[in-house]
2 protein chains.
Amino acid sequence: MDGVTTAAKRPRRSQEERTLETRGKLIAATLDVLLEEGYLKLATQRICDAAGVSRGAMLHHFRDKQSLIVAAIDELLVSATAEIRSQADRVRAQEITPEEFVDYLWFEHFSGRLFYLTLEHVTAARTDDEIRAALIPVVRRFHLALDEIWGALFSAAALPRSRVATVLNLTLCLLRGMGVQTVLRPDDPAYYDDLRGVWKIMLRAILDGRVRLETTGRS
Amino acid sequence: MDGVTTAAKRPRRSQEERTLETRGKLIAATLDVLLEEGYLKLATQRICDAAGVSRGAMLHHFRDKQSLIVAAIDELLVSATAEIRSQADRVRAQEITPEEFVDYLWFEHFSGRLFYLTLEHVTAARTDDEIRAALIPVVRRFHLALDEIWGALFSAAALPRSRVATVLNLTLCLLRGMGVQTVLRPDDPAYYDDLRGVWKIMLRAILDGRVRLETTGRS
DNA sequence: ATAAACAAACAGTCAAGACTGTTTTTAAAT
DNA sequence: ATTTAAAAACAGTCTTGACTGTTTGTTTAT
């Protein structure tokens, strides 16, 4: 295995390329292992095994375990934002209905990977000041991006522009709550279909103007 | 400090009394420490310190750490059920409105202790088959009790009896989702008031019959 | 005297960061 | 163009502390 053989097998990569590749592997592996093992059992050796990278290399690129996790969550939310935006564009173009968008959000994000990863990092953040401080800006960017997406989503005359984001955020809260429940209420898809069905009826009533949202006194 | 002095200070307690007291202390301490530290940092020594009981005694009464936690969650949900039932009785007696009930659920349970403890055990259960298997029956009892409470709650002519539980479960999912968000979106009570305000408007529309829920096709 | 409740010590496991060593790339010197 | 030195990327080992369940010992109730 001399220099000639090595050069023939693999072109010389710049430091930047090497860095991007290693970081990318670590971030992807972190999300996979976090989903599979949970935060409680998330060991750096396990991540590195999955990434095919040493712990020394991991620590070269990320100050500590927590820094790696925060970077991974950031990447997760950036990706999710792009995917949601893409589907939202289809709602606006009237290729899919708002009801179908709700189904998309449920089946593609909130009853699986995105939400379970959210559950893990949110729960860890609740009792750890450092994690929480690191994640609040990350999540705030996600919320702002969603609000921007929601603002451009609907043009229903019956729904004031200022209410659009509220309704969509309420939709997301419903789906998060359902996501929480899936953990200890599995094998009951009818229950979740039922909830979602009722929600769609409510959403349709709002979009059609049968329920008005202007006056939201604090009551 | 001889036997006579001890007897004079504290009456002789039966083994059963001692057991109930020790178990009670451990269970209460578990919930307190779980809320404060999270599942990730929940150490049995910390629980025992808080309970004023030795680890040996803890292990005498509970097979292992997990058994203690499951017993504590069971107790938590039994207590919450009783409290929710008591408020629901006041709704039925028309002492408080359904809207006020929603506020009660939010402020007393889903924006604080009950929900945060739920977050902890649900997240731990997601990736641990044993915990999940132990908690599913516990949580099922909670769900059944809630459905029974909901079934007796409203007598709105416009809302079919079969739909009452769905609407209340939908309410709880919304509140759970909001509870999840409070962790990384703190210091924004107006946001949560807004969401809750919109839901109350929708709830009122359902109760008043302006939105009908009979046909909930699976769409 | 015996059993149950309780306490403390023991033993083993595991994980993260610190640390040391190696390989690859880049820049400077020749 | 080649060599050398430095920097960056990467790998592997060590250290330390924390944790849980097991075991042994003590106290209280029957």
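Side-chain atoms are counted along with the backbone in the values below, which use heavy atoms only and exclude waters and symmetry mates. In what follows, every chain begins at residue 1, and chains take the letters A, B, ... in the order their sequences are listed.
Taking atom CZ on A/Arg46 and atom C1' on C/dC14, their separation rounds to 16 Å, with Å as the unit. Distance B/Glu17 CD to C/dC6 C1': 17 Å, rounded to the nearest Å. Going from atom CG of A/Leu40 over to atom C1' of D/dT20 covers 13 Å, rounded to whole Å. Distance A/Leu42 CG to C/dG17 C1': 16 Å, rounded to the nearest Å. Atom CG of B/Leu20 and atom P of D/dT28 are 19 Å apart (whole Å). Distance B/Lys65 NZ to D/dA18 C1': 11 Å, rounded to the nearest Å. In this structure, the CZ atom of B/Phe62 is 18 Å from the P atom of C/dA4, given to the nearest Å.
Shown here are the ring-ring contact (aromatic ring centres under 6.0 Å, His included) partners of A/His109, two or more places apart in sequence or in another chain: A/Tyr104. Listed by chain and residue number, B/Trp106 satisfy the ring-ring contact (aromatic ring centres under 6.0 Å, His included) test with B/Tyr192 (two or more places apart in sequence, or in another chain).
Taking the charged nitrogens against the carboxylate oxygens, A/Asp188 and B/Arg140 have no contact shorter than 4.0 Å, which rules out a salt bridge.
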Which atom pairs, donor and acceptor, lie under 3.5 Å between side-chain atoms of residues 39-47 of chain A and protein residues at least two apart or in another chain?
| unit_1 | atom_1 | unit_2 | atom_2 | d |
| --- | --- | --- | --- | --- |
| A/Lys41 | NZ | B/Thr127 | O | 3.1 |
| A/Thr44 | OG1 | A/Arg55 | NH1 | 3.1 |
| A/Gln45 | NE2 | A/Asp49 | OD1 | 2.9 |
| A/Arg46 | NE | A/Glu37 | OE2 | 3.3 |
| A/Arg46 | NH2 | A/Glu36 | OE2 | 3.4 |

Just distance, no hydrogens or angles: give the donor-acceptor pairs under 3.5 Å from side chains in residues 167-176 of chain A, sequence neighbours left out.
| unit_1 | atom_1 | unit_2 | atom_2 | d |
| --- | --- | --- | --- | --- |
| A/Asn169 | OD1 | A/Trp150 | NE1 | 3.2 |
| A/Asn169 | ND2 | A/Asp147 | OD1 | 3.1 |
| A/Asn169 | ND2 | A/Ala165 | O | 3.2 |
| A/Thr171 | OG1 | A/Val167 | O | 2.9 |
| A/Thr171 | OG1 | A/Trp199 | NE1 | 3.0 |

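When the side-chain nitrogen and oxygen atoms of A/Arg12 are compared with OP1 and OP2 of C/dT26, one or more of them lie within a distance under 4.0 Å. Phosphate proximity of D/dA29 to B/Ser14: absent, as no side-chain N or O sits under 4.0 Å from OP1 or OP2.
Judged as a salt bridge (Lys or Arg N to Asp or Glu O under 4.0 Å), the pairs with a partner in residues 60-84 of chain A (not counting sequence neighbours) are, in order, A/Asp74-A/Arg141.
Take the nearest nucleotide of DNA chain C for A/Lys41 and for A/Arg63: the residue whose nucleotide is more 5' is A/Lys41.
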Could you run through nucleotides 6-13 of chain D and give me one letter per nucleotide, 5' to 3': B if any protein heavy atom sits under 4.0 Å from the base, S if only the sugar-phosphate is that close, - if neither?
--SBBBB-
